[in-house]
Amino acid sequence: MTDSSFPQRLIDKLGLDGVITAPDEIAPWLSDWRGMYTGHAQAVVRPSSTDDVAAALALCSEARVPVVPRGGNTGLCGGATPDASPMNVILSLDRMHAIRSIDTIGNTLVAEAGCILGNLRRAAADEHRLLPLSLAAEDSCQLGGNLSTNAGGVNVVRYGMTRELVLGLEAVLPNGEIFHGLRTLRKDNTGYDLKQLLIGAEGTLGVITAAALRLYPRNDVRVVVLTAVNSSQQALDLFELLFERGGPRMQAFEFFTAECLDMVLEQVEGMRAPFAERHPAYVLIELADTVDEPALRELVETVIGEALERELCVDAAVSESIAQVNSMWRLREEISEAQRADGPHVKHDVSLPIASIPAFLASAGERIDKHHAGVRLIVFGHFGDGNLHYNLSRPAGAPRDFFKLHAEGLTAEVLDEVARYGGSISAEHGIGQLKREYFSRYKDPLEIRLMREIRKVFDPDGIMNPGKIF
Ligand SMILES: Cc1cc2nc3c(=O)[nH]c(=O)nc-3n(C[C@H](O)[C@H](O)[C@H](O)COP(=O)(O)OP(=O)(O)OC[C@H]3O[C@@H](n4cnc5c(N)ncnc54)[C@H](O)[C@@H]3O)c2cc1C
């Protein structure tokens, strides 16, 4: 039963500006970005301060009202979409978008959770610093969402996942208590590192309101190489060479197959094939540094020369300008959009020990071919992190609803292979509602039990983001 006076109690605490209650105004908040899920809510709360978040959570906790934290809603697993309960309150951080400080000596940035990631990157760049977290949704997603999904992106090979960029956190626990962990210390071995529990928790333990992030030197000198390879084994050998020779300058090592490029060239206007010939797969490598461009270019050309000589790739194009850097990146970044334009598809965001990628690709491909011949494999991703987007498109000529019947079976084929190689069923997108079933099937029961117990400590009444992860 909903308590019809509850939204009014929220308004009494936060003011009219901070609460949406009209059904037609709530409606746009009820679905995920991909339109896969739709739920219900009695109100959307938009606090403008940490104290307001605390007041709202204290009220919800007292009335046992479920709370769904919401960032930019770009998550790919339905984590920010409420379930079917009419009691839900969506808590959006979009009015909390202040940058509290940038320290160019300690190299830290302290910002509120509602900040758009792209704005934070630009603010850091204005101070000649780099905030390395970067993903295609960066002009829509929010810091709170990035932290709560432990987002990855294109620079993980050099700087790590979001959790590796966090020095401190401020958060509000479900009962309204404020967790004051917004420290900017590089070293702090004082017991358990509790902030790490909130990172990647997908809003199930509390609401993150601010974070202190590490900054790096701004490395404006960028050289991108697009290489053609005959196999994923060649890509792996190339990775080893680049790791040894490029060292920390290698900031992206992205892989995509010929089928991905075919789809981009077919579906996205104005794209051109990078090489005269079609090759089985491609690797996009970015090196970046603070040194002058000729020095970085010389390094890249020497390493790629060696790669060609040792037959670790079959062709290579090195960017000559920032326009070429951008057009090479577009070939990789447009794959998701091209696959969407091609029609219904099934996504898998998996990770594997890097050295087992070639064996995994061979055996997963064989398995799919055996049981579902003709399904098109659209495989790309952050190869340097062992992270593949192992996506499937329907066979040529198959009806649009092909996956209605086959998606579950195909996903089981892929994830069973991932498990066989010791991989993860979710590399960077989280669990949300989408992967709950697979989480319980593939995750170690002991780890799940410990997670449930931790959740009870933070949220004994289970009001935070119900129906997500577990
Ligand atoms: C085009 C595109 C490209 C993408 N590329 C990548 C990529 O390369 N790497 C990658 O990792 N992801 C990628 N994503 C997925 C998505 O952008 C990330 O997961 C992002 O971190 C989500 O941020 P958000 O603000 O949109 O969060 P939302 O979608 O709003 O929420 C995500 C989860 O975080 C919780 N949450 C949000 N804010 C808070 C808060 N303040 N406190 C507690 N919980 C909170 C929500 O409840 C939900 O469970 C991509 C998405 C798109 C659309």
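Atoms within a ligand are numbered from 1 in the order they appear, just like the ligands themselves. Sequential numbering from 1 along the given sequence is applied to the chain's residues.
- Nearest to atom 50 (C) of ligand 1 among the protein's heavy atoms is Leu76 CD1, 4.0 Å.
- Counting heavy atoms under 4.0 Å from ligand 1, residue Val68 does not touch it at all.
- Across all their heavy atoms, Arg163 and Ile199 have their closest contact at NH2-O, 3.3 Å.
- Protein heavy atom nearest atom 13 (C) of ligand 1, with residue, atom name and distance: Leu135 CD1, 3.8 Å.
- Protein heavy atom in closest approach to atom 20 (C) of ligand 1: Asn146 ND2, 3.6 Å.
- Residue Gln196 places its CD atom among more than 12 non-hydrogen atoms of other residues, nucleotides or ligands, all under 6.0 Å distant.
- Closest approach of Gly381 to Arg332, counting heavy atoms only: CA-NH2, 4.0 Å.
- In terms of polar-atom proximity, defined here as any N/O pair under 3.5 Å, Gly75 does make such a contact with ligand 1.
- The shortest N/O to N/O separation between Gly72 and ligand 1 falls below 3.5 Å.
- Among Met161, Glu202, His382, His429, the residue whose heavy atom lies closest to atom 12 (N) of ligand 1 is His429.
- Using the six-membered ring where Trp is involved, Tyr390 and His348 have ring planes that are tilted, between 30° and 60° apart.
- The shortest contact between atom 27 (O) of ligand 1 and any protein heavy atom is with Gly145 CA, 3.4 Å.
- Not one N or O of Cys141 is nearer than 3.5 Å to an N or O of ligand 1, by distance alone.
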How far apart are the C-alpha atoms of Phe256 and Phe380, what are their side-chain angles, what is the distance that settles it, and do they pass the ring pair (Phe, Tyr, Trp, His ring centres under 6.0 Å) test?
-> CA-CA 4 Å; Phe256 50 99; Phe380 60 99; 8.4 Å; no

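- For Thr74, heavy-atom contacts with ligand 1 shorter than 4.0 Å involve the backbone as well as the side chain.
- Considering backbone and side-chain N/O atoms, Trp33 never comes within less than 3.5 Å of an N/O atom of ligand 1.
- Contact annotation: Ser336 has no heavy atom less than 4.0 Å from any atom of ligand 1.
- Contact check on Glu337 versus Arg330 returns no salt bridge, with no Lys/Arg side-chain nitrogen under 4.0 Å from an Asp/Glu carboxylate oxygen.
- Residue Val283 comes nearest to Ile285 through the heavy atom pair CG1-CG1, 3.6 Å, listed as atom of the first residue, atom of the second, then distance.
- Summary of contacts: the protein heavy atom closest to atom 33 (C) of ligand 1 is Thr149 CG2, 3.7 Å.
- Nearest non-hydrogen protein atom to atom 34 (O) of ligand 1 is Ser148 CB, 3.3 Å.
- In this structure, His382 and His389 have perpendicular ring planes: the angle between them is above 60°, well past the 30° mark.
- The part of Leu93 lying near ligand 1 is the side chain, judged by heavy-atom distances below 4.0 Å.
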